[in-house]
Number of protein chains: 2
Amino acid sequence: MSFQFPAVPARVLRQDVLAVLRKAILEGDLKPGDRLLEADVAAQMGISRAPVREAVRQLEQEGLVDFQPHRGSTVLGVPNEEIDAIYELRAELESRAIRRACERITDEQIEELAEHLHRMGRAVEAGDYSAVFEADHAFHATIQRVAGYRLLRRMWESMDGLVRVRSYQAFEGEGPANKYFRRTAVSSHVPILAALRARDADAAEKAVRDHILEVSERIQAEDSAAAAHEVHAAAR
Amino acid sequence: MSFQFPAVPARVLRQDVLAVLRKAILEGDLKPGDRLLEADVAAQMGISRAPVREAVRQLEQEGLVDFQPHRGSTVLGVPNEEIDAIYELRAELESRAIRRACERITDEQIEELAEHLHRMGRAVEAGDYSAVFEADHAFHATIQRVAGYRLLRRMWESMDGLVRVRSYQAFEGEGPANKYFRRTAVSSHVPILAALRARDADAAEKAVRDHILEVSERIQAEDSAAAAHEVHAAAR
DNA sequence: ACATCGTAGATTGTCGACATTCTACGGCGG
DNA sequence: CCGCCGTAGAATGTCGACAATCTACGATGT
């Protein structure tokens, strides 16, 4: 039999805690400046502090929380001045990945990507932002998996939260970026899929770069709009 | 008084363990494939498993060890195919940092950099490779500190081990890269320092990029030489 | 009023023990 | 001889307790 089941990793508490905390930060339930008290989190989840500690340490590595010895951890925001660089690094990681994915991807995996896109489309229709981001993550994560780079993939995973915090807010918010995202969430992925189907590495890289840098610009435009609004409000 | 003491962070066991383990990997005392048994490490260090666990988790985030739930952790090597991308990301991080450092660096901080270079020079003379790398790390870390980017600095720190593993081996080994490193370790940093003195951001970025990409090429050349040697040996 | 010091409460750091899971090995049946 | 199963040992996962450290607040003295 050529069919293979995907490896299902053993789940441990730490991973569940990590997923819950990360989601809370991404969706804005935990805001920058909020403190994360290990004992409270553990008590609320009905577990001991050990897995909570490990999850918080990983969030620190991902840049989502700040941590000082003996002083605990607080949720971090992403400074405007670093967004540009972060998205450029992201684009570089995705470019390398998709070039290699072009050489290796199977037809079945292409169908998997198409399925993620369909799911994303339905989620956009339903206004289920959480599901939109889940589908987007699955789409790009599949590309990383197909590419098969160990370390680049790890770095990609590691900066994923950082990349999504701001875009999540922009998508969910009422600003000008909201309509843009609703309109282009799916369509901006189509050229990527098409290039993969054609196994055209150059086109695929261009499609990915355009996609990512476009998101970056949208977020920074949202910033500028918000800043202008601030100034305007302050001037009144 | 305008003088300020640098903040001295509270030291906790985890950080010492992390430093020891990381150094052991970088210097080759722990080789790719070696297993890291928490209980053994803890016993040898005379402490409990808790701080060891946290240190190992961080090494996993840094890409130096692989970790699977319930199966423990093993030391990882850096695949040749990923070196190019890793150094390119590194160059991007350092470029952004030095541009900002150019705007912010004080004369005292420039002297601090010069001091690190002197130390590096003496270490090269003495053949103390460990000290060379310590000075190099201090030099670049100072630039990151001066630049003041929170997240980019964290990412820089996080990939530091990955970047140094291979160059450490090449420097310490007997290959052609050894002589190159002895000759250029200090001199390749001089243009960076000069550009900072002149507050010339463009020149500084170019100097940094050249420096990093040069190291990348040397390491990959060492690879090719080693691979050719392998083939030659196999053909005999 | 002001700065310093000391203490009590809160929070994180570390520890040792136990639970859960993996791995290797040997018995058992075919 | 070969494959399957169960078990024993080893390693990691989680827990609860205690130690070390920080923070806020009030006493003390000037």
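Letters A, B, ... are given to chains in the order of the sequence lines, protein chains preceding strands, and every chain is numbered from 1.
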statement: In short, salt bridge (Lys or Arg N to Asp or Glu O under 4.0 Å) pairs touching residues 69-79 of chain A with sequence neighbours left out are none

- line: Here the side-chain hydrogen bond (donor to acceptor under 3.5 Å, both in side chains) pairs for residues 6-17 of chain A, sequence neighbours left out, are A/Arg11-A/Asp16, A/Arg14-A/Glu54

task: List in chain and number order the residues that pass ring-ring contact (aromatic ring centres under 6.0 Å, His included) with B/His211, two or more places apart in sequence or in another chain; answer none if no residue qualifies.
output: B/His140, B/His189

Whole-Å distance separating the CG atom of A/Asp66 from the P atom of C/dT12: 13 Å

Compile the donor-acceptor pairs under 3.5 Å between side chains in residues 62-69 of chain A and protein atoms, sequence neighbours left out, one pair per line.
| unit_1 | atom_1 | unit_2 | atom_2 | d |
| --- | --- | --- | --- | --- |
| A/Glu62 | OE1 | A/Arg22 | NE | 3.2 |
| A/Glu62 | OE2 | A/Arg22 | NH2 | 2.7 |
| A/Glu62 | OE2 | A/Gln58 | NE2 | 3.4 |

query: Quick one: what's the B/S/- string for nucleotides 8-14 of chain D, heavy-atom cutoff under 4.0 Å, read 5' to 3'?
result: ---SBBB

statement: Residue pairs meeting ring pair (Phe, Tyr, Trp, His ring centres under 6.0 Å), one or both in residues 143-168 of chain B, sequence neighbours left out, come to B/Phe133-B/Tyr168, B/His137-B/Trp156

